[in-house]
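The structure appears below as structure tokens.
None of the values given here were measured: they were computed from a predicted structure. Reckoned from all heavy atoms, side chains included, excluding hydrogens, waters and symmetry mates. Below, chain A is the first sequence line, B the second, and so on; all start at residue 1.
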Protein chains: 2
Amino acid sequence: MNTPQTRDAELTRGRILEAALDLFVAKGFADVAMREIAGRSNVTRSLIHHHFGNKEALWEAVKEQAFSRYIEQQKPELEHASMADESLLRSAVTRYFRFLGENPQVVRLLGWIHMEGDASCGEREGEIIALGAERIRQAQRAGVFRADINPVHAVTMFVVTCAQWFHGRAHHSQWPGIGSDDEFLDDFLKIFVDGLRIAAVDGNRP
Amino acid sequence: MNTPQTRDAELTRGRILEAALDLFVAKGFADVAMREIAGRSNVTRSLIHHHFGNKEALWEAVKEQAFSRYIEQQKPELEHASMADESLLRSAVTRYFRFLGENPQVVRLLGWIHMEGDASCGEREGEIIALGAERIRQAQRAGVFRADINPVHAVTMFVVTCAQWFHGRAHHSQWPGIGSDDEFLDDFLKIFVDGLRIAAVDGNRP
DNA sequence: ACATTAATTGACCGGCCGGCCAGTTAAGAG
DNA sequence: CTCTTAACTGGCCGGCCGGTCAATTAATGT
């Protein structure tokens, strides 16, 4: 109302997407009113419908954009980084852990996606998971990591752990004796890296 | 309407709670109408208000009951089982993993609780987490597991992994090369148990 | 300058929502 | 047998919801 700025479809689309992301991620799709999004982005509801069609289509667009940003942000890290030895694996895990800690919106976005059972985003994340798995496979061939483990499962294990740590943060921060982010990460890395080490492989007992 | 059964407050309360649990867990609090719950439990909306007050109070009651059931179900398992050696830890993890796999409602319930940031349930789960942590601490004192790890973090690690594995099932089942429930569990156990083993402790490199 | 296109608005609609209330009816106590 | 209590019903209400539409207004091409 006080910002009669020049007409720019791309810019307003962006403002709408931003407001919608904030609200959807904070409260969930069903609990957000188009009126709220309109208010926050200084735009009429009609205009949102003009640009995105309906509420569901807007949510899809929001997920699409936010998830793409997430993927594009992570991909180069995994493409350049190698996991050819333990310390590099450590730093890769640490980096992802810190990333989620600093981007709670990503964590919550994934949470809603999981709740919806939306599988489409899974395929796209699959690309970068495969990238990480390939690094670990190389390290296995080089004899650095034990070879009796599906490398995808190794990646899954740390991705899943990082995600759930922050996803259920408020919940398990109540657990007696639990430590800080860094303390948990340290302990996780000890178990994870040592468990992947090749020397530990010959301890299989029934 | 076709079931004018004798009046029994406790029984109808139960029917309402059951219907509400199904719907809330499936669609989330905001997306469920009192009318749906009333329809499914063959009861008028007014009666639900009579018994539970309002929608939010009903949701609290539902969470309370379902979460209590979950806790009461898990507690004896952890009280009786010991983790004094690796195979017992393996079976404890396996049991919890299977439990979540067979009770998707529990997984989703936890999901909503996490999304809401509800911390109250965390305290109660803390009790059984502490139980598990105590077992591991014993094994550490006995020299079976490495002692340089916070036992609570060890428990957290596998609880969190099991939860997120099923929570994001539809999502990461799209990842190329990922295995079945059992295959993932096997690989997780290899890393987890071997990583906890005391022999692996002296491999720390900067 | 003017016509065309598209961004933007405000008013309106039918429908569903949660909550309330005044009654009705069954069970149990005396 | 009756009185009390509480389980249970049906109908009503104000309010918010998502969506539509005709009208307005700013850019853009010619």
(request) Given side chain to side chain donor-acceptor pair (under 3.5 Å), test B/Q74 with B/Y96 step by step and report yes or no. (result) CA-CA 8 Å; B/Q74 293 304 310; B/Y96 187 71; over 6 Å; no
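In this entry the distance linking CG of B/D31 with P of C/dC17 reads 10 Å, nearest Å. Across the protein-nucleic acid pair, B/I16 atom CD1 and D/dT9 atom C1' stand 13 Å apart, rounded to whole Å. Per the geometry, CZ belonging to B/R7 stands 16 Å off P belonging to D/dT5, to the nearest Å. Nucleotide C/dT8 holds its P atom 8 Å from the CG atom of A/D8, rounded to whole Å. A/N42 places its CG atom 12 Å from the P atom of C/dG10, with the value rounded to the nearest Å. What separates CZ of B/R13 from P of D/dA6 is a distance of 14 Å, to the nearest Å. For the pair B/L23 CG and C/dC17 P, the computed distance is 12 Å after rounding to whole Å. A straight line from CG of A/L58 to C1' of D/dG19 spans 14 Å, rounded to a whole angstrom.
Just one of A/L21, A/L58, A/D118 meets the side chain to side chain contact (heavy atoms under 4.5 Å, CB included) condition when paired with A/K63; it is A/D118.
Nearest to the side chain of B/L47, among C/dA7, C/dA27, D/dT9, sits D/dT9.
Rounding to the nearest 0.5 angstrom, the gap separating the NZ atom in B/K27 from the CZ atom in B/R108 is 11.5 Å.
The side chain to side chain contact (heavy atoms under 4.5 Å, CB included) check on B/V43 picks up B/R15, B/I16, B/S41, B/L47, B/I48, with sequence neighbours excluded.
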(request) For each nucleotide in nucleotides 18-23 of chain C, reading 5' to 3', give B when a protein heavy atom comes within less than 4.0 Å of its base, S when such contact involves only the sugar-phosphate, and - otherwise. (result) BBBB--
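Looking at A/K190, its side chain never comes within 3.5 Å of a backbone N or O of B/I149 through a donor-acceptor pair.
With a 4.5 Å cut-off on side-chain heavy atoms, B/Y70 and B/L109 do not count as touching.
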